[in-house]
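First the structure, in the form of structure tokens, and then the observations on it.
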Amino acid sequence: MKKEKKLPELKRGKWRLIDCFLFLFRVTPLWTALDLLANVLETVYPYLQLFTTASFVDTALSVIRGEAPESAIIMPLVFMFATFFLNSAVYQFEDITFARLREKVYSVTKEVFLIKQASIKYRYVEDSKTYDLIGRACSEPAGKMLERGGRVIWIAYRWVFLVITISSVFLKVWWGGLIAVGIVIPAVFLAVRSGLQDYETFFNVEKDGRYAGKYQAFLSAKDYLEERSTFGYAPFIFGKWKKTKLEMDRKNLKNTVRNSRRDNFIRSLSWVMYAAIMTALVFAVGRGELSAGFFVGFANLLLRAVGIVGGGIPWDVRWMAQATKNLGDLSEFSQLEEQEGALDPPADMSGFNFGKIEFRDVSFKYPGTDRYILKNCSFTINEGEHCAFVGVNGAGKTTITKLLTGLYDEYEGDILIGGKNLRDFTYAEIKGLFSVVFQDFAKYQIPYGDAIKLGDVNRDSDEDVLRVTEEIGLTEALEKLHSGVNTPLGKAATDGVDLSGGEWQRVAIARALYGNRPVSILDEPTAALDPIAESAVYALFKKVTEGKSAVFITHRLGAARIADRILVIDGGAVAESGSHDELVKAGGIYAEMFSTQKSWYEDAPGEEAIS
């Protein structure tokens, strides 16, 4: 069996442009080295051309003056043509090496970034700032890494060429070299300013662009179709979009004009440099310090140098200033903490008898905030029991689910499962303990069977898919699908079939049932349904989890009353605990909430009505 090649790690810490090149080298040392060699050959070529051109011109003049036989021109001519063919071969070699480098980098870099993205702690994804950061850092990572690493090689080539050329001028005419240095330094300074201002403009325009994108979605996306048609807000939103777009165009135009002026000034300086150096070289030829052939060769070198100073330097330095700023996102992203075991499949915990789950004086506040969502919260859930957590929105019900399932571990107090501290379980074991259906459940636009099998990636059983389909009441819907369990769901595939909102919800519940974990959690996935429909779904869930441990999270009490025990969360802790009847008789928080809501459920189907 072929051994799987280990992926390079993403460096943690501050990223510089050279780190991008080193990353390419770790991905594929061979093709990075060959691409570097191609650029070295491209750097050397102009000097080979200088000597072959000088030899040809000087020999030709000697033949014309009768100082050498006509046959003397043959070898210089052969060498000059050889350099032309060499140049063509170098370019072809460079194209091939870069294509292979690109192929390797794209395949590996995407995987490296996906692994990092899938491994970072949940709190970063839930925080809007770091979520945006992740989006920016992981947007086209392979292309950006290749551009940055490859550009480092290209920039190095141009600067080495420029330094060698100016040094050569120094050796022949020192004051010509001083003129060149005196022009290159201000050119670099102006290019840096342009680069920083470019980035500032890009940052401001990007913010405007996000707003413009939202306005455009309001005008075109299907999600807004009904309200767009009924409210007739299209002209108003179009005005907002147009105003934002015009502001973006104004900023871009202002920056373009500013850069154009600077670029033209730098180009003018480069031609002044060319004229001054050529004048100096003419004097050197006149004094016999330089042959006519070398003068012609230097003229070709200087034309290339003019192109670098007039166009290359502004572009390179501007790009480097922007890239260095943009590398801040990669630096921050690389330092985001990773969840140990995030990519491990769930452990098999089906035979684990936990006895009870216990919260002991648990307090928790979300990272970056000062308010405790849970404060000295204590309760127990017995094995095989159906418990419901109720309370107003924001009381901390879903937070309990997030702590139980290991999404957050920065809490005070202790959470015990079977007497063992939750912190002592591996993440794979925690994943093997709980099946959760969240309020914002995912709609996987993949084949129906696969969408359910995601509940347990350790096994592949069509029989179990059909079993949970029947348990959750989706058999009729499945029979209508043209390819059964192999039918793609949603509209991503051309032959995909979209489901109703209620059917998508049942698919999510079926996925949890397929997982067959010791504890199933229903965290308000039916919040979009009306109270009676929600009660029916919870009653069905209670039926199919009979004899197993289940947790219901809800703020609607019609769903909670079917639980064996209800825990009322208030002020970050359990304020009341008992059955529906006990809590109603107690006349406390639950009784008051139920009195407000009971009219919603007078016609709700009882558990016995669910067939």
Side-chain angles (χ1 to χ4, degrees), residues 1 4-7 107 110-122 125-126 138 338-352 354 401-402 404-409 417 422 425-472 474 478 481 483-490 492-493 496 499 503-523 525 541 544-545 548-551:
M1 182 181 292
E4 188 174 346
K5 187 177 179 181
K6 186 179 179 182
L7 292 172
S107 63
K110 287 181 180 180
E111 190 172 353
V112 169
F113 273 76
L114 281 173
I115 289 174
K116 172 69 178 182
Q117 194 172 359
S119 301
I120 59 177
K121 289 196 170 184
Y122 177 79
V125 181
E126 200 165 49
C138 295
E338 297 174 19
Q339 176 66 55
E340 185 178 352
L343 300 180
D344 294 340
D348 182 6
M349 305 293 285
S350 56
F352 180 67
F354 60 85
T401 301
K402 291 177 179 178
L404 268 178
T405 53
L407 296 180
Y408 286 97
D409 55 12
I417 301 178
L422 184 64
F425 285 86
T426 66
Y427 199 48
E429 290 172 333
I430 294 174
K431 286 184 279 190
L433 282 171
F434 300 98
S435 291
V436 188
V437 186
F438 287 103
Q439 179 175 342
D440 299 320
F441 58 87
K443 299 178 181 180
Y444 295 102
Q445 298 196 36
I446 56 179
Y448 175 89
D450 293 343
I452 291 178
K453 290 175 184 177
L454 288 176
D456 186 356
V457 295
N458 291 322
R459 74 184 202 278
D460 183 0
S461 172
D462 288 338
E463 183 180 337
D464 285 344
V465 169
L466 296 176
R467 174 181 57 79
V468 297
T469 295
E470 183 178 359
E471 287 177 349
I472 206 63
L474 278 173
L478 176 59
L481 299 180
S483 300
V485 295
N486 297 315
T487 305
L489 301 181
L499 302 179
E503 288 170 338
W504 276 115
Q505 287 165 337
R506 293 191 180 220
V507 168
I509 296 172
R511 187 161 51 246
L513 295 176
Y514 181 87
N516 196 31
R517 307 288 202 273
V519 183
S520 296
I521 302 176
L522 213 59
D523 190 354
F541 187 72
V544 298
T545 57
K548 301 178 181 179
S549 303
V551 174

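Keep in mind that this is a model prediction, so the values were computed, not measured.
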Problem - More than 12 heavy atoms of other groups within 6.0 Å of Glu470 CD - result: no
Practice task
Inspect the surroundings of CD in Glu340 and state if more than 12 heavy atoms from other residues, nucleotides or ligands are less than 6.0 Å away.
Solution key: no
Nearest heavy-atom pair of [X] and [Y]: which atoms, and what distance?
X: Pro346; Y: Arg517; answer: CG-NH2, 3.4 Å
X: Gly406; Y: Tyr427; answer: O-CE1, 3.7 Å
X: Val465; Y: Gly449; answer: CG2-O, 4.1 Å
X: Val437; Y: Ala512; answer: CG2-CB, 3.6 Å
X: Tyr448; Y: Gly484; answer: CB-O, 4.2 Å
X: Ala428; Y: Asp344; answer: CB-CB, 4.1 Å

Are the side chains of [X] and [Y] in touch, meaning some heavy atoms are under 4.5 Å apart?
X: Lys453; Y: Asp462; answer: yes
X: Val112; Y: Ile115; answer: no
X: Leu513; Y: Ser435; answer: no
X: Leu489; Y: Pro447; answer: no
X: Glu111; Y: Phe113; answer: no
X: Leu522; Y: Ile509; answer: yes
X: Leu433; Y: Val519; answer: no
X: Leu454; Y: Tyr514; answer: no

Practice task
Show the numbers, then the answer: is there a side chain to side chain contact (heavy atoms under 4.5 Å, CB included) between Asn486 and Asp450?
Solution key: CA-CA 8 Å; Asn486 297 315; Asp450 293 343; over 6 Å; no
Exercise for the section: Would you check, one step at a time, whether the test salt bridge (charged side-chain N to carboxylate O under 4.0 Å, His left out) holds for Asp464 with Arg459? Expected result: CA-CA 10 Å; Asp464 285 344; Arg459 74 184 202 278; 3.0 Å; yes
Handout entry: Polar side-chain atom of Thr426 near backbone of Glu429 as donor-acceptor pair, under 3.5 Å
Key = yes
Handout entry: Glu463 vs Arg467, salt bridge (charged side-chain N to carboxylate O under 4.0 Å, His left out): CA-CA, chis, key distance, verdict
Key = CA-CA 6 Å; Glu463 183 180 337; Arg467 174 181 57 79; over 6 Å; no
Practice task
Before giving the answer on side chain to side chain contact (heavy atoms under 4.5 Å, CB included), spell out for Val507 and Leu499 the whole-Å C-alpha distance, their side-chain angles and the decisive distance to 0.1 Å.
Solution key: CA-CA 10 Å; Val507 168; Leu499 302 179; 3.8 Å; yes
Handout entry: Pair Asp456 + Arg511: basic N to acidic O under 4.0 Å
Key = no
Handout entry: Cationic N near anionic O, under 4.0 Å, Glu338 to Lys116
Key = yes
Hey, could you give me the [atom1]/[atom2] distance between [X] and [Y], rounded to the nearest 0.5 Å?
X: Asp523; Y: Thr405; atom1: CG; atom2: OG1; result: 9.0 Å
X: Gln505; Y: Phe441; atom1: CD; atom2: CZ; result: 4.5 Å
X: Asn458; Y: Lys431; atom1: CG; atom2: NZ; result: 10.0 Å
X: Glu503; Y: Ile472; atom1: CD; atom2: CD1; result: 12.5 Å
X: Tyr408; Y: Lys121; atom1: OH; atom2: NZ; result: 11.0 Å
X: Leu114; Y: Ser119; atom1: CG; atom2: OG; result: 10.0 Å

Exercise for the section: Carefully, step by step, assess Phe438 and Thr401 under the rule side chain to side chain contact (heavy atoms under 4.5 Å, CB included). Expected result: CA-CA 9 Å; Phe438 287 103; Thr401 301; 3.8 Å; yes
Exercise for the section: Please identify each residue that fulfils ring pair (Phe, Tyr, Trp, His ring centres under 6.0 Å) with Phe425, with sequence neighbours left out. Expected result: none
